[in-house]
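In what follows, a single structure is set out as structure tokens and then discussed.
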Amino acid sequence: MPDFTAAATQRARVRVPLRFHDGYRVDAELVTFHGLADGQEHVAAVLGDPAPGTTPLVRLHSECLTGDVFGSARCDCGPQLREAVERIAERGGVLLYLRQEGRGIGLYNKLDAYALQDQGLDTYAANAALGLPEDARDYTAAAQMLTALGIGEVDLLSNNPDKAGQLRALGIEVRDRVPTGVFATPDNVRYLRAKVLQTQHTLPLGDLAELGVG
């Protein structure tokens with residue numbers, strides 16, 4: 001994990017009206033940054049207006065071209081992004097859109113891992129077979145972004161305990177971890193079950209078993 005020593009600063013803020021395929025609309029303020037530790041072009045979407053004294057709802061959403069843009073049913077990323085924007089806008093908070101495709105291994109490697117999953121490996125074993133980390137994501141830049149936005153305490157919208165653990169280690173207080181919805185389909189149920197068993201994501205195994213993976 002890179003040293004969290006240099007402060008990031010806000011670079012620009014711009015209002016962008018967001019429009020989703022199901023008709024949901026909301027205005028966001030997109031924020032870019034100088035000085036992020038990994039040098040990537042991560043973006044914060046500031047949504048809604050938190051009531052005074054309340055803790056903002058925050059999601060760290062890793063970029064997923066296949067799910068977010070093309071609507072791939074092999075993961076739950078697209079539905080999680082859509083849900084997060086609405087829930088954060090209702091309460092007030094920030095969505096950090098992080099350029100960490102494929103849990104940090106990149107798009108091409110992710111697609112190579114998909115090919116191995118088609119041969120029976122789970123999502124983590126496929127990464128390992130390619131000589132890659134199961135999860136290469138580092139959230140130092142996310143902590144920098146929150147600090148630059150003046151946010152030191154969050155309610156984290158996530159099923160992933162590693163996100164909360166890394167943020168706490170980087171000086172961000174995670175008051176609560178709020179689970180997302182369960183967006184299981186026959187195409188992604190093995191992927192979701194692997195996340196529960198391998199990295200302790202908070203998803204109900206019973207609901208996943210109903211789709212044929214027990």
Side-chain angles (χ1 to χ4, degrees), residues 18 20-26 28 42-48 50 54-104 110 122-124 134-135 137-139 141-143 145-146 151 153-168 172-211 213:
L18 306 183
F20 289 84
H21 68 279
D22 60 359
Y24 176 70
R25 301 182 173 205
V26 68
H42 307 301
V43 175
V46 179
L47 297 153
T54 62
T55 303
L57 184 63
V58 170
R59 174 162 176 79
L60 315 184
H61 187 89
S62 296
E63 177 183 47
C64 179
L65 176 71
T66 51
D68 297 342
V69 177
F70 296 133
S72 168
R74 293 189 67 142
C75 64
D76 57 346
C77 301
Q80 282 190 329
L81 177 62
R82 166 65 181 83
E83 174 201 37
V85 168
E86 184 169 3
R87 289 178 68 176
I88 294 171
E90 287 176 350
R91 175 167 152 183
V94 181
L95 183 139
L96 302 185
Y97 196 82
L98 305 173
R99 312 303 297 274
Q100 300 174 327
E101 184 82 43
R103 296 197 303 275
K110 181 178 82 170
D122 70 33
T123 179
Y124 299 102
E134 290 185 350
D135 192 333
R137 289 175 295 181
D138 173 87
Y139 298 106
M145 294 162 76
L146 291 171
I151 297 173
E153 180 184 70
V154 303
D155 284 345
L156 186 65
L157 182 60
S158 177
N159 302 318
N160 184 352
D162 183 54
K163 291 181 178 180
Q166 286 201 39
L167 284 183
R168 289 186 176 114
I172 302 297
E173 183 174 349
V174 180
R175 189 182 70 101
D176 190 20
R177 184 160 60 87
V178 182
T180 74
V182 179
F183 303 102
T185 72
D187 295 297
N188 70 19
V189 64
R190 290 183 66 250
Y191 161 78
L192 297 181
R193 183 172 173 80
K195 292 205 293 186
V196 174
L197 296 177
Q198 299 292 331
T199 50
Q200 292 73 55
H201 281 57
T202 50
L203 292 164
L205 282 174
D207 290 354
L208 302 182
E210 291 176 4
L211 285 173
V213 179

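None of the values given here were measured: they were computed from a predicted structure.
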Residue pairs, two or more places apart or on separate chains, that pass ring-ring contact (aromatic ring centres under 6.0 Å, His included) and touch residues 65-92: none

Test side-chain hydrogen bond (donor to acceptor under 3.5 Å, both in side chains) applied to His61 - qualifying residues, sequence neighbours left out: Arg59, Asp68

Measure from the side-chain N and O atoms of Asp176 to the backbone N and O of Val178, and report whether any donor-acceptor pair falls under 3.5 Å. no

To the closest 0.5 Å, what do you measure between CG (Asp135) and OG (Ser62)? 7.5 Å

Atom pair NE2 (His42) and CD (Gln100), whose distance is rounded to the nearest 0.5 Å: 6.0 Å

Measure across Pro50 and Gly93 and return the closest heavy-atom pair with its distance rounded to 0.1 Å. CG-N, 4.1 Å

Are Arg103 and Thr123 close enough that some pair of their side-chain heavy atoms sits under 4.5 Å apart? yes

For Ile151 and Ile172, work out which heavy atoms get closest and say how close. O-CD1, 3.8 Å

Determine whether a donor-acceptor pair (N or O, by modelled atom type, separation under 3.5 Å) exists between the side chain of Gln80 and the backbone of Thr180. no

What's the spacing between Asp76 CG and Leu81 CG if we round to 0.5 Å? 11.0 Å

With sequence neighbours left out, write down each residue that passes side-chain hydrogen bond (donor to acceptor under 3.5 Å, both in side chains) with Thr66, or none if nothing qualifies. Lys110

Can you see which heavy atom on Asn159 is nearest to which on Pro161, and at what distance? O-CD, 3.4 Å

If I compare all heavy atoms of Leu65 with all of Glu101, which pair ends up nearest, and what's the gap? N-OE1, 3.0 Å

Partners passing side chain to side chain contact (heavy atoms under 4.5 Å, CB included) against Arg168 (at least two apart in sequence or in another chain): Ala164, Val174

Working for side chain to side chain contact (heavy atoms under 4.5 Å, CB included), residues Asp155 and Leu157: CA-CA 7 Å; Asp155 284 345; Leu157 182 60; over 6 Å; no

Is the backbone of Leu60 close enough, under 3.5 Å, to the side chain of Lys163 for a donor and an acceptor to pair up by distance? yes

In terms of heavy-atom contacts, Leu95 and Ala84 come closest through CD1-CB, 3.8 Å

Leu96 and Tyr139, any side-chain heavy atoms less than 4.5 Å apart: no

Kindly write out the residues that satisfy side-chain hydrogen bond (donor to acceptor under 3.5 Å, both in side chains) with Glu86, not counting sequence neighbours, or none if the list is empty. Arg82

Hey, does Val94 have a side-chain heavy atom less than 4.5 Å from the side chain of Met145? no

Going by side-chain hydrogen bond (donor to acceptor under 3.5 Å, both in side chains), name the residues that satisfy it together with Glu153, two or more places apart in sequence or in a different chain. Thr55

Note: Gly67 and Cys75 closest approach over all heavy atoms is CA-SG, 4.0 Å

